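We name chains A, B, ... by the order of the sequence lines, and we start the count at 1 in each one. No experiment lies behind these values; they were computed from the predicted model shown.
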2 protein chains.
Amino acid sequence: MSLLPPKPTTFVQPATLCRELGLDVTIAVEAFQYTGSFKYRATYNLVQSIDHPSVIAASSGNFGQAMAFACEQAGKPCTIVMPNTSSKVKVDAVRSYGAIADLIDTSQITREARVAQLAENAPEAYIASAYDDPLVIAGNASLGREIAASGVVYDFVLAPVGGGGLASGLIQAFRETRYSARVVGAEPALGNDAARTLAAGSIQVNDREPPTLADGARTRSIGRHNWAVLKDGIDSIIEVTEDQIREAVKLHFLKSNIKAEPTGCLTLGALLASPDRFRTSKILCVVSGGNVEPGLYASLIQD
Amino acid sequence: MSLLPPKPTTFVQPATLCRELGLDVTIAVEAFQYTGSFKYRATYNLVQSIDHPSVIAASSGNFGQAMAFACEQAGKPCTIVMPNTSSKVKVDAVRSYGAIADLIDTSQITREARVAQLAENAPEAYIASAYDDPLVIAGNASLGREIAASGVVYDFVLAPVGGGGLASGLIQAFRETRYSARVVGAEPALGNDAARTLAAGSIQVNDREPPTLADGARTRSIGRHNWAVLKDGIDSIIEVTEDQIREAVKLHFLKSNIKAEPTGCLTLGALLASPDRFRTSKILCVVSGGNVEPGLYASLIQD
């Protein structure tokens, strides 16, 4: 079984944005990765690593597409549990890679319960978490190795934080390669469990999925495997308001010519939240993906 | 005087787009170039090469911004003649680089006449054409050298054609480097003077500036210096309808995660116009720039 390896990230230096912000910012754009987000780094590694004949995962977003694409190449049946309110674009994307989009009414059954149901009928299947899995973290680490190998020494690397899969992958890679950049997480203020977790020293949980624009960060908490890496590895977490997420989408559109999804804009949002902290630093912001509904994007850039 | 050299182009391989089209397409994205389009390649070379103490140019678009940025670095006064109907974003961009935006009422005076007026009062100024100038062609050739040096042998390189500055630069570079790719021009069907020029063997002129969405190709004819290169160098010109331009903007948004301006989408539009011609070829499409008004872009992606 030979899957297409993840594409190298695309480093963009947005001169006009830097001028506007008065900051030295480079962007690692993962919107050009297979299936349009960094998630394929994880699913590539996971699907290459397992012997299980099939995969089940819950995802309404980028992880589902990335898993479907990896499984298609491996010839493994793949079922993605999605809310029946998921947009047609996302459901169609999963199906275009030959996966089953299992649409559920989340007022009737939780995603976890539905995954458990499916797993009971397919005990040989691998149940994949979008973040809380060492294979996912190891997959995401490939981005960190590329940053370390870029020859540029950044002071800070900013990554969106939902479940913590990307940030933990970066930290793991920087440890392996003895790369000195500090990893800063950018999290929606509406669901600030990671900031509270770091302050408390133990995993804190949001009461519900935070209704943030950053749909890739609508997680109730970071994962256990992720926390094991983050607790001694992450520099800090910056909370980003919804207005800052909106502003960041628009700034990437106007000043960087980067089409980024709201979750991917958390990192620029963090610079808007705390510009003075980064005034004399060399900064790398990860734009984690580019997949966003046209209607939502149109409203954000015209705000 | 030392200007920032143009940034290397960004090669993107849009796997989802290729799958959708059934074509082997790579994109050379110039939206991440300084000032957001390939035009800085030309103005960088021009401003480095001249001894004149100031520059005057007519441009409502990317050339004006790129010239203003080059002149700012060189410390040369720069005047950009623009219609007073130009969008605020474009006028502000020119002014942000310290240039004078000379706004005219085009119902009262043509751009050429206004440039002539200004030139009379500043006889020492360099009067810069956006395309019809060997220094512009030589500047644009840097993109062709990068393509030739990429190590990939494309069968066809598609470039937007307005005045012919980019296509002639590519051809000149491919000749210099003995690179075998054939250059195909992509032109709005609404202003098909380049196609008619190629058929007639002499420069043909549109009756008026064609009212195409591709505002970078609203030219009445290709330039003389450009035609001197194109006449024996260009493979063919593909005419692209307005609907195909719209579809291409939307496809780049949905399938490539590339924010491209309508003129930059002429090349994908050409693939939509003539897909079968390219079915077994290795194709490079140049996206010449990314600067587009939010309102227009929002309407195009939601079409």
Side-chain angles (χ1 to χ4, degrees), chain A residues 4 6-20 26-27 29-37 40 62 65-66 69 72-73 89 92-93 96-97 249-261 264 287-303, chain B residues 4 6-20 26-27 29-37 40 62 65-66 69 72-73 89 92-93 96-97 249-261 264 287-303:
Chain A
L4 289 166
K7 296 191 225 179
T9 199
T10 302
F11 292 99
V12 169
Q13 294 184 287
T16 311
L17 180 70
C18 290
R19 190 173 173 128
E20 175 96 1
T26 302
I27 314 290
V29 182
E30 282 287 287
F32 307 134
Q33 187 52 266
Y34 290 111
T35 70
S37 84
Y40 181 66
N62 289 329
Q65 289 182 48
F69 182 54
E72 179 191 51
Q73 295 175 72
V89 171
D92 287 351
S96 76
Y97 299 114
V249 172
K250 194 173 175 179
L251 272 176
H252 270 316
F253 176 86
L254 289 173
K255 305 292 180 185
S256 328
N257 281 338
I258 292 172
K259 180 207 162 191
E261 60 183 76
V287 164
S288 51
N291 300 330
V292 50
E293 295 293 308
L296 172 60
Y297 192 74
S299 76
L300 294 172
I301 61 174
Q302 293 181 101
D303 232 8
Chain B
L4 289 165
K7 296 191 225 180
T9 199
T10 303
F11 292 99
V12 169
Q13 295 185 285
T16 310
L17 180 70
C18 289
R19 191 173 172 127
E20 176 96 0
T26 302
I27 313 290
V29 182
E30 284 285 288
F32 307 134
Q33 187 52 265
Y34 291 112
T35 69
S37 84
Y40 181 66
N62 288 330
Q65 288 183 50
F69 182 54
E72 178 191 50
Q73 296 175 70
V89 172
D92 287 351
S96 76
Y97 298 114
V249 172
K250 194 174 174 180
L251 272 175
H252 270 316
F253 176 87
L254 289 173
K255 306 293 180 184
S256 327
N257 281 338
I258 291 171
K259 180 207 163 191
E261 61 184 73
V287 164
S288 50
N291 300 330
V292 50
E293 296 292 309
L296 172 61
Y297 192 73
S299 76
L300 293 173
I301 62 174
Q302 293 182 100
D303 233 7

Name the region of [X], side chain, backbone, both or neither, that has any atom closer than 4.5 Å to a heavy atom of chain A.
X        : result
B:Lys255 : neither
B:Tyr34  : side chain
B:Ser256 : backbone

Please check if the side chain of A:Gln33 supplies one atom and the backbone of A:Lys7 the other of a donor-acceptor pair under 3.5 Å. yes
Tell me every residue that passes side chain to side chain contact (heavy atoms under 4.5 Å, CB included) with A:Thr26, counting only those two or more places apart in sequence or in another chain. A:Phe11, A:Gln13, A:Tyr154, A:Leu284
Does the cation-pi check pass for B:Lys259 over A:Phe253, that is, NZ or CZ under 6.0 Å from the six-membered ring centre and within 45° of its axis? yes
Return all side-chain donor-acceptor pairs below 3.5 angstrom for residues 289-298 of chain B, not counting sequence neighbours, or 'none' if the list is empty.
unit_1, atom_1, unit_2, atom_2, d
B:Asn291, OD1, A:Asn257, ND2, 3.2
B:Asn291, ND2, B:Thr35, O, 3.0
B:Asn291, ND2, B:Asn62, OD1, 2.8
B:Glu293, OE2, B:Ser87, OG, 2.8

